[in-house]
Amino acid sequence: MDDDRITGKWTELKGRLREAYGELTDDELEQTRGEREQLEGLLQQRLGKTKDEVRQAVDRILDKI
């Protein structure tokens, strides 16, 4: 279900991620399009956060949209 939520709200999610984490590029985000695991991996790599921290951050953003 998470992948469906991410895919269905991708444009809005991408915008929110760019607001929250300005160091992410559109190209990087587009490479993960709709794939939660890839998105979380990118965030872990670029932000230096743990898997749990990244998952919680994505969940918080998804809950707002």
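When the options Q44, R36, K49 are evaluated for a side-chain contact (heavy atoms from CB on, under 4.5 Å) with R55, the one that passes is R36. Among K9, R16, K14, the single residue meeting the salt bridge (Lys or Arg N to Asp or Glu O under 4.0 Å) criterion with E12 is R16.
Ion pairing of K51 with E40 is absent here, as no side-chain N (NZ or NE/NH1/NH2) approaches a carboxylate O to less than 4.0 Å.
One finds the CH2 atom of W10 at 10.0 Å from the CD1 atom of I65 (value rounded to the nearest 0.5 Å).
Counting non-hydrogen atoms of neighbouring residues, nucleotides and ligands closer than 6.0 angstrom, the CD atom of E53 exceeds 12 such neighbours.
Looking only at side-chain heavy atoms (C-beta outward), L42 and L29 come within less than 4.5 Å of each other.
Under the salt bridge (Lys or Arg N to Asp or Glu O under 4.0 Å) criterion, R60 pairs with no residue, sequence neighbours left out. For T11, there are no side chain to side chain donor-acceptor pair (under 3.5 Å) partners at least two apart in sequence or on another chain.
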Could you check I61 against L17 for side chain to side chain contact (heavy atoms under 4.5 Å, CB included), going step by step and ending with a plain yes or no?
-> CA-CA 8 Å; I61 293 171; L17 287 167; 3.6 Å; yes
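Closest approach of Q38 to Q31, counting heavy atoms only: OE1-O, 3.3 Å.
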Please tabulate, for side-chain N and O atoms in residues 19-27, each donor-acceptor pair with protein atoms closer than 3.5 Å (sequence neighbours left out).
residue: T25; atom: OG1; partner: E28; partner atom: N; Å: 3.1
residue: T25; atom: OG1; partner: E28; partner atom: OE1; Å: 3.4
residue: D26; atom: OD1; partner: R18; partner atom: NH1; Å: 3.0

